[in-house]
**Student:** 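Pasting in a structure now, in structure tokens, and then I'll have a few things to ask.
Chain letters run A, B, ... following the sequence lines, proteins first, then strands; residues in each count from 1.
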2 protein chains.
Amino acid sequence: MGNVNRGLLAVGSDRSPSRAREDYVKAIYQLGAGGPVRAAALARYLNVSRVSVSKAKRLLEADGLLDREREPSQPLRLSRRGRRLAIAMVRRHRLLETFFHRVLRIPLERVHAEAERIEHVISDDVAMRIATLLGRPQRDPHGHPIPYDDDLRTEKPLPTLAALRAGDRANVISLDDRDDAAVAVLADGGLLPGARIVVQRSDASCVVVRRGKRVVTLRRAHAAMVRIGA
Amino acid sequence: MGNVNRGLLAVGSDRSPSRAREDYVKAIYQLGAGGPVRAAALARYLNVSRVSVSKAKRLLEADGLLDREREPSQPLRLSRRGRRLAIAMVRRHRLLETFFHRVLRIPLERVHAEAERIEHVISDDVAMRIATLLGRPQRDPHGHPIPYDDDLRTEKPLPTLAALRAGDRANVISLDDRDDAAVAVLADGGLLPGARIVVQRSDASCVVVRRGKRVVTLRRAHAAMVRIGA
DNA sequence: GATTCACGTTACCCATGGCTAACGTCAACC
DNA sequence: GGTTGACGTTAGCCATGGGTAACGTGAATC
């Protein structure tokens, strides 16, 4: 039957997913890296009650975005369609961030919030035209890879700067873009993807790193936002 | 008291207006050119029932976007804040269209629909950075002026191509972008802002115009989408 | 073994933004 | 003057997406 609403807002299951449902799908993908996710963890991640997650679960199953579980209380697992939707949103998000940073020169710590709202409403055509404009970039300005196909990512989680000890050397690979304040501090210290660093000290509260001639002191929480490679 | 919702979707009067409310405000502005608008006309324009308009009216008044009317059954009149919001949306819409057309090379008949969704979620900062990128364009690709300040426009409605008679000459000033099919036909015929044309014939069903060596036959409905100047 | 605690669910409430049915008003038209 | 029609409103329905309160389950902890 579908739905009868013909007004200003899309409502019902025969339309494209609402903003809220897209947020659920994306969060499940990012929390679980493609695998199942506990409802309580999802609720904490999205700052929402467990009840809301429980209800969203049923709606997302009805939309075909989650695999149906026969047992109740089973974790949330994206369907093939759900996974494709999540990856498309990550693609749009990262392309937007790259465009905002490279072309519009928006400060790094602000591109995430801007992209977060727009990723739900731009068409795939616009996203791919932006990709072409930018020369099909492989990584966004935080260092995260841009998924151009719908394949499952095997992004193994890299260690963070918080795991290093004095004397360790590393390359900055990427920054967690969810914490604007952290990104501002890190960008200000020049700890951007590609930077080569040496850890000078690491204690319970702070991590001190040297980058070239510059010494930067980070709160541990901020150091944990920096993914590193050899 | 405001509202308690802290979830994924903004709800309540202390947040920025929802997509639906922004659509109402913009429609009131475009229908009334700043003046009052009848509820029934608004309902027809937005493809919504009169009841929905009646309810929206109360909510928009509570938001401070409409002037409160003491008499019931009075037309809808934007408040100063409502007018500012409407103009900001028109500005964002037209800047987005210009960007899509000039930079991303999206066909003219598709830029309206793309901008229509994004105009609700981009920040004014992004809009102004796009304006700078484009060299602060004065008109969008359909020929409509881009309002950079919040002043009331005195756009007197221009005559359309449908009002001309055989032998008349005119300049195309702008196209109505709400009808994608018409825009596609007009762009295909080269009847874009700036084009100089001569009317060859005009009858009940068709208008035939010459542009340079090219002769274009238009359905009357499409000719009515073309605003002209001397 | 008893207790505690996290988890998922249910029952209910609320605001938004659609809808139809029905009504009173007012103006225009026979 | 009566009828017709457009208009705005009210009452009531529905889906979405939030929220609390409360409950049963199961695992961990004492």
**Student:** As a test of understanding, state which of A:R94, A:K26, A:R178 forms a salt bridge (charged side-chain N to carboxylate O under 4.0 Å, His left out) with A:E116.
**Tutor:**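 Single pass found, and it is A:K26.
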
**Student:** What is the distance from NZ of B:K57 to C1' of D:dT9, rounded to the nearest Å?
**Tutor:**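 Interatomic distance, NZ of B:K57 to C1' of D:dT9: 10 Å.
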
**Student:** Within the 4.0 Å heavy-atom criterion, would you say A:K55 contacts the bases, only the backbone, or no part of the nucleic acid?
**Tutor:**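 If one applies the 4.0 Å heavy-atom cut-off, A:K55 turns out to touch a base.
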
**Student:** Starting the side chain at C-beta, find the nucleotide from C:dG18, C:dG8, C:dG17 nearest to B:S18.
**Tutor:**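 Nearest nucleotide to the side chain: C:dG17.
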
**Student:** May I ask you to check whether A:H93 and A:D140 show a side-chain donor-acceptor distance below 3.5 Å?
**Tutor:**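 The answer is no; no qualifying pair exists.
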
**Student:** Which part of the nucleic acid, if any, lies within reach of A:V51 when heavy atoms closer than 4.0 Å are counted: base, sugar-phosphate only, or nothing?
**Tutor:**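 Base contact.
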
**Student:** Give a yes/no on whether any side-chain N or O of B:Y24 is located under 4.0 angstrom from OP1 or OP2 of C:dT16.
**Tutor:**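 B:Y24 to C:dT16 OP1/OP2: no side-chain N or O under 4.0 Å.
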
**Student:** To the nearest Å, how far apart are B:Q74 CD and C:dT25 P?
**Tutor:**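 After rounding, the gap between these two atoms is 16 Å.
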
**Student:** Roughly how many Å is it from CG in B:L42 to P in C:dG18, rounded to a whole number?
**Tutor:**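 Rounded to whole Å, this separation is 11 Å.
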
**Student:** Rounded to the nearest angstrom, tell me the gap between atom CZ in A:R19 and atom P in C:dT16.
**Tutor:**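 Atom-to-atom, A:R19 to C:dT16, this comes out as 18 Å.
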
**Student:** Going by atom types alone, do B:H120 and B:D23 pair a side-chain donor with an acceptor below 3.5 Å?
**Tutor:**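 Judged by distance alone, the side chains do pair up.
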
**Student:** Within less than 4.0 Å of OP1 or OP2 of D:dG19, is there a side-chain N or O belonging to A:S49?
**Tutor:**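 Yes.
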
**Student:** Is the closest basic N to carboxylate O distance between A:R227 and A:D176 below 4.0 Å?
**Tutor:**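 No, this pair does not count.
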
**Student:** Categorize A:R58 for me: base, sugar-phosphate, or nothing, with a 4.0 angstrom heavy-atom threshold over every strand shown.
**Tutor:**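 Nothing, no nucleic acid heavy atom in range.
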
**Student:** Would you please confirm or rule out a distance under 4.0 Å between OP1 or OP2 of C:dC7 and any side-chain N or O of A:R38?
**Tutor:**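 No, outside the criterion.
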
**Student:** Respond yes when some side-chain nitrogen or oxygen of A:R50 is under 4.0 Å from OP1 or OP2 of D:dG18, and no when none is.
**Tutor:**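 Answer no for this pair, as no side-chain N or O of A:R50 is under 4.0 Å from OP1 or OP2.
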
**Student:** Measure from the side-chain heavy atoms of A:L59 and tell me the nearest of D:dT9, C:dT10, D:dG17.
**Tutor:**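 Between D:dT9, C:dT10, D:dG17, the one nearest the side chain of A:L59 would be D:dG17.
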
**Student:** So does B:D124 pair up with B:R92, basic N to acidic O under 4.0 Å?
**Tutor:**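 B:R92 and B:D124: salt-bridged.
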
**Student:** Is a side-chain donor or acceptor of A:R38 paired with a backbone partner of A:P75 at a separation under 3.5 angstrom?
**Tutor:**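 No; zero donor-acceptor contacts below 3.5 Å.
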
**Student:** Separation of A:L46 atom CG from D:dG19 atom P, in whole Å?
**Tutor:**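 Value for this atom pair: 10 Å.
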
**Student:** Given atom CG of A:L60 and atom C1' of C:dG8, what is their separation to the nearest angstrom?
**Tutor:**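 Taking CG of A:L60 and C1' of C:dG8, I get 16 Å after rounding.
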
**Student:** Atom OH of B:Y45 to atom P of D:dC7: distance rounded to whole Å?
**Tutor:**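 The answer, rounded to whole Å, is 17 Å.
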
**Student:** Can you tell me if the side-chain N/O atoms of B:R21 get under 4.0 Å from OP1 or OP2 in C:dT16?
**Tutor:**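 Yes, such a contact exists.
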
**Student:** Rounded off to whole Å, could you give me the CD-to-P distance for the B:E61 and D:dG8 pair?
**Tutor:**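 Nearest whole value for this atom pair: 14 Å.
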
**Student:** Please tell me if B:S52 has a side-chain N or O lying less than 4.0 Å from either OP1 or OP2 of C:dC19.
**Tutor:**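 Checking C:dC19 against B:S52, a side-chain N or O does come within under 4.0 Å of OP1 or OP2.
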
**Student:** Would you say a side-chain N or O of B:S54 is under 4.0 Å from OP1 or OP2 of D:dG8?
**Tutor:**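 For B:S54, the contact criterion (side-chain N or O under 4.0 Å from OP1 or OP2 of D:dG8) is not met.
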
**Student:** Between B:R44 and D:dC7, does any side-chain N or O lie under 4.0 Å from OP1 or OP2?
**Tutor:**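 Yes, because at least one side-chain N or O of B:R44 sits under 4.0 Å from OP1 or OP2 of D:dC7.
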
